4 protein chains.
Amino acid sequence: MAEEFEETPVKSGPRWQRKKEDRPQEILDAALELFVKQGFAATKVSQIARKAGVTPGTLYVYYKNKEAILQEVVMKALRPVFYDADKILGKYKGSAVDLLFILIEKWWDAVGGESKISGVPKLISAEASNFPQLSDFYMKSILTPAFNYIRLVLEYGIRSGEFMVKNVEVTAYAILSAFHGAVLDAHTFKIGEANGIRVGEFRDMFHDLIVHGILNKK
Amino acid sequence: MAEEFEETPVKSGPRWQRKKEDRPQEILDAALELFVKQGFAATKVSQIARKAGVTPGTLYVYYKNKEAILQEVVMKALRPVFYDADKILGKYKGSAVDLLFILIEKWWDAVGGESKISGVPKLISAEASNFPQLSDFYMKSILTPAFNYIRLVLEYGIRSGEFMVKNVEVTAYAILSAFHGAVLDAHTFKIGEANGIRVGEFRDMFHDLIVHGILNKK
Amino acid sequence: MAEEFEETPVKSGPRWQRKKEDRPQEILDAALELFVKQGFAATKVSQIARKAGVTPGTLYVYYKNKEAILQEVVMKALRPVFYDADKILGKYKGSAVDLLFILIEKWWDAVGGESKISGVPKLISAEASNFPQLSDFYMKSILTPAFNYIRLVLEYGIRSGEFMVKNVEVTAYAILSAFHGAVLDAHTFKIGEANGIRVGEFRDMFHDLIVHGILNKK
Amino acid sequence: MAEEFEETPVKSGPRWQRKKEDRPQEILDAALELFVKQGFAATKVSQIARKAGVTPGTLYVYYKNKEAILQEVVMKALRPVFYDADKILGKYKGSAVDLLFILIEKWWDAVGGESKISGVPKLISAEASNFPQLSDFYMKSILTPAFNYIRLVLEYGIRSGEFMVKNVEVTAYAILSAFHGAVLDAHTFKIGEANGIRVGEFRDMFHDLIVHGILNKK
DNA sequence: AATGAATGAGTTTTCATTCAT
DNA sequence: TATGAATGAAAACTCATTCAT
């Protein structure tokens, strides 16, 4: 088992100098970070409390139990990312290549590398079988919309003659799966970093790979 | 009496008909499946025992403790996949596109969809921060060799004039990351299935995507 | 947010319309009702507060702690019922049967069905071993006087030739025990209600039973 | 709060010298005694364990949680007392007075003074509103049969001309209520004892009281 | 006087591990 | 070897009580 760790409290000022309205969010922030890093079961309530700068009892003032914290963490984190897809796609007139880039960029900004919620997909993936509701929710509100978005982009590109795709469904799935998996993966294995590859570079290259492939067209 | 969870034993034949030499492997099989599905902390020793068709005490005849089972599960599962890369690459004379396909096929067969160990990457990903040794081991014996393999394939293709790649390192990383992530992801979210996409289809499309991209070259 | 139990406040008017002198009594009323229904340990201070229309902190303005509330509830409820027995008995000249009826009626009005404190005997019975003082107090100020009262009534009836009793002590005990137990019981099991028996009916029949028995005297 | 107490373990021999089959019953015995004395909420799991001569963890080997112990305690204790009433009544030819005595004796032996389960009615009464199932179960399997039994006895006596009763239902209720309450009460307030009244004496007098009343029939 | 968020001491519950058989 | 009842250390959870406002 990994050795015991000292958790730096997120907030360390005297308790009463901190606004009480912040308490729930402070707890969720602490919980999210620990759940993503260690998993739900391996994260102790006392760890969350320490990181949030409160005592364990306080968690139960705001949340029914540990599981309720998990639910809240996920629900709050997953503000629908693609709900305005139609709006964007409806009036779009530019190149399909650019549209795909916008999509990837959007996704990246939402759940990608830097954002606070970038770990949520990993968390959900790990707990999917223990908490199926989370997985269902993620599927419904994130993955399926994303899949549809990609498909629409591909169809747009095909109509405009820019793209050439054998099977739209499978290709959309391959793109989604690859990118989503990569983001998820990035949280754990940082081969890139080990090889000095910067995040933005990766995103661009990913876009490039999908668009051009690696084949040399003389 | 306190109730317990239901768990289908992996082996259900009468105990005395099973060879006692199989015991350790049966335990590892049961443990792997449960660890992958539920995570290490959420998997109870009694569950492993039940699934392996033994009692909790027996686990401790073969393994020091629960963590030792995890270690053994991972170590046994990760028989190096790429150690013969040099051999294959050394004498290869064919097309780079085919070589890439061989690589993907090989990986797929090793840790992909059907194989018993296909869940190990997910397991390691989930427990990476709790058991850094596992992550290190995986990195060293799987991911880095895979990364190098891809790089070699790309360089081979570039030398032969087949491939056209801006940045070999980043591209290799993008390919690895995408494919690895997709495999990992596949364990949890089955959008593909939901859309009726078969596994082989996905693998082929993935290869195609990397090779050709989606751009229409008149 | 952690959910809480529903509890209808005893007082629901705006706080500022209620006199602050009533506060302590409102707290006791709320506590009595909950203690009787749920028991001391199972009743939460926050429940009492909600029912009394105040916040938990307020309880501690008036009472040292939860136990002090119990003490006060019981002490206030048990205004001696029989302290004027001597007075009544001293000058009584009528029939013993009627005197017994008066006694039963008196008891009934004091701790019987309708009164607010009718649950106190049950409460004391339940908490007797946790709070022996309560039991002692009840014994001393209620049961023993009642026992003596009954005995005096019986002796009065015997002297007047109205009653025929083998053993005054035991009979007095049987009467007390039966009636007290019935009242206590009535709080929980309402077989009577289930069979459409009204409270007054029960009290009269009880008196009749004691006086005449069920034997047919041609 | 009542001071801390030392619980004498029911069994004190070395654990392995005691039969493991006894464990569940030992736990129930300990729990019953404590629940009756202190109430459910005021009884600590650790107390039950100590009294049963095991550690708290052991309780959870046999029972899901504290509440399950309560359920089991009650269910096991309440073996139907009156289910053979019809048999007895069907062929009975003797005096109704005697039949009533048999009934009272039977009840007394089952849940009365000495028996191990004599505290169960009190326990159920105290926890009725916290655990309505218990109350319902008691009502259905004990009180209602008892009520019907008494009614049948009364009707038998009326038919035979032995009894003279104004209202059978109400009288039956009065008898049940009085006797049941008295038994229940006896667990807490021992006025009788304080006055040197023996248990058997009380039971007989109770029977006498019901049958003859206290009125002097010259 | 009144508040109610936060506490922390205590309780319930879990479960990896042991050990007599 | 194998067992599985029992353990005990640790975790989750409860809630009477406090105290800054």
Side-chain angles (χ1 to χ4, degrees), chain A residues 1 14-21 23-24 41-49 53-69, chain B residues 2 4 15-16 20 23 41-49 53-69, chain C residues 2 4 15-16 20-21 23 41-50 53-69, chain D residues 1 14-21 23-24 41-49 53-69:
Chain A
M1 196 46 86
R15 253 185 309 284
W16 64 89
Q17 290 185 5
R18 291 149 48 200
K19 297 204 213 87
K20 70 169 191 296
E21 309 88 76
R23 213 50 33 84
T43 297
K44 310 303 166 213
V45 166
S46 60
Q47 283 183 287
I48 300 175
V54 296
T55 58
T58 303
L59 301 199
Y60 293 88
V61 171
Y62 295 99
Y63 303 99
K64 191 169 175 288
N65 54 29
K66 194 180 162 189
E67 189 175 334
I69 297 179
Chain B
E4 272 284 310
R15 249 192 306 283
W16 65 88
K20 78 166 176 265
R23 211 51 43 85
T43 297
K44 286 153 199 44
V45 167
S46 60
Q47 279 183 291
I48 300 174
V54 297
T55 59
T58 306
L59 300 200
Y60 291 84
V61 172
Y62 295 101
Y63 302 99
K64 183 168 168 275
N65 54 29
K66 193 181 168 189
E67 188 176 337
I69 297 178
Chain C
E4 273 283 312
R15 249 191 307 284
W16 64 89
K20 78 166 177 269
E21 308 87 78
R23 213 52 42 84
T43 298
K44 286 153 203 42
V45 168
S46 59
Q47 278 183 292
I48 300 175
R50 177 147 344 110
V54 298
T55 59
T58 304
L59 300 200
Y60 292 83
V61 171
Y62 295 100
Y63 303 98
K64 185 168 167 273
N65 54 29
K66 192 182 169 188
E67 188 176 338
I69 297 178
Chain D
M1 196 48 85
R15 255 183 310 283
W16 64 90
Q17 291 186 5
R18 289 150 47 200
K19 297 204 213 86
K20 70 171 190 295
E21 310 87 75
R23 211 53 30 88
T43 298
K44 310 302 166 213
V45 167
S46 59
Q47 283 183 286
I48 301 174
V54 297
T55 59
T58 304
L59 301 200
Y60 292 87
V61 172
Y62 296 99
Y63 303 99
K64 191 170 174 286
N65 53 30
K66 193 180 162 190
E67 189 175 334
I69 297 178

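Worth knowing before you read on, the calculation uses all heavy atoms, side chains too, and leaves out hydrogens, waters and symmetry mates. Below, chain A is the first sequence line, B the second, and so on; all start at residue 1. Since the model is a prediction, treat every value here as computed from it, not as a measurement.
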### Task
Figure out the CG/P separation between D/Leu59 and E/dT14, and round it to whole Å.
12 Å
### Query
Between B/Thr55 and F/dT3, does any side-chain N or O lie under 4.0 Å from OP1 or OP2?
yes
### Query
Could you state the NZ-P distance from B/Lys64 to E/dT18, rounded to the nearest angstrom?
9 Å
## Note on the structure
Closest heavy-atom pair, B/Thr43 versus B/Lys66, reported as atoms and distance to 0.1 Å, is O-NZ, 2.8 Å
#### Entry: d(CD, C/Gln47; C1', F/dT14) in whole Å
13 Å
### Message
Rounded to whole Å, how long is the line connecting atom NZ of D/Lys66 with atom P of E/dT13?
### Response
8 Å
### Task
Take atom OH of D/Tyr62 and atom P of E/dT12, then tell me their distance rounded to the nearest Å.
20 Å
### Query
C/Tyr63 OH to F/dA16 P: how many Å, rounded?
17 Å
## Note on the structure
OG (B/Ser46) and NZ (B/Lys44) are apart, to the nearest 0.5 Å, by 7.5 Å
### Query
Do the side-chain N or O atoms of C/Arg23 get closer than 4.0 angstrom to the phosphate oxygens (OP1, OP2) of E/dA2?
yes
### Message
Please give the stem ranges for DNA chain E, sorted by first residue number, where a stem is three or more consecutive Watson-Crick or G-U pairs and both donor-acceptor distances are under 3.5 Å.
### Response
E:2-21 with F:2-21
### Task
Take atom NZ of A/Lys44 and atom C1' of E/dT13, then tell me their distance rounded to the nearest Å.
14 Å
### Message
Among residues at least two apart in sequence or on other chains, which ones pass side chain to side chain contact (heavy atoms under 4.5 Å, CB included) with B/Lys64?
### Response
B/Ala68
### Task
Starting from the 5' end of DNA chain F, give me the residue, A/Val45 or B/Thr58, whose nearest nucleotide shows up first.
B/Thr58
#### Entry: D/Ser46 vs B/Ala42, nearer the 5' end of DNA chain E by closest nucleotide
D/Ser46
### Query
Rounding to a whole Å, what distance do you find between B/Asn65:CG and E/dC15:C1'?
14 Å
### Task
Please report the closest heavy-atom contact between B/Asn65 and B/Tyr60, naming both atoms and the distance.
CA-CE2, 3.8 Å
### Query
When you match B/Ala41 and D/Thr43 each to their closest nucleotide on DNA chain E, which lands nearer the 5' end?
D/Thr43
### Task
Using the side-chain contact (heavy atoms from CB on, under 4.5 Å) rule, pick out the option among B/Val54, B/Leu59, B/Val61 that qualifies with B/Arg23.
B/Val54
### Task
For A/Ala41 and B/Ala41, work out which heavy atoms get closest and say how close.
CB-CB, 3.5 Å
### Message
Please find the pair of heavy atoms, one from A/Tyr62 and one from A/Pro24, that lie closest to each other, and give the distance.
### Response
CD2-CG, 3.6 Å
### Query
Where the side chain of C/Pro56 is concerned, which of F/dT1, F/dT17, F/dA6 is the nearest nucleotide?
F/dT17
### Query
Can a side chain N or O of A/Tyr60 be found less than 4.0 Å away from OP1 or OP2 on F/dT14?
no
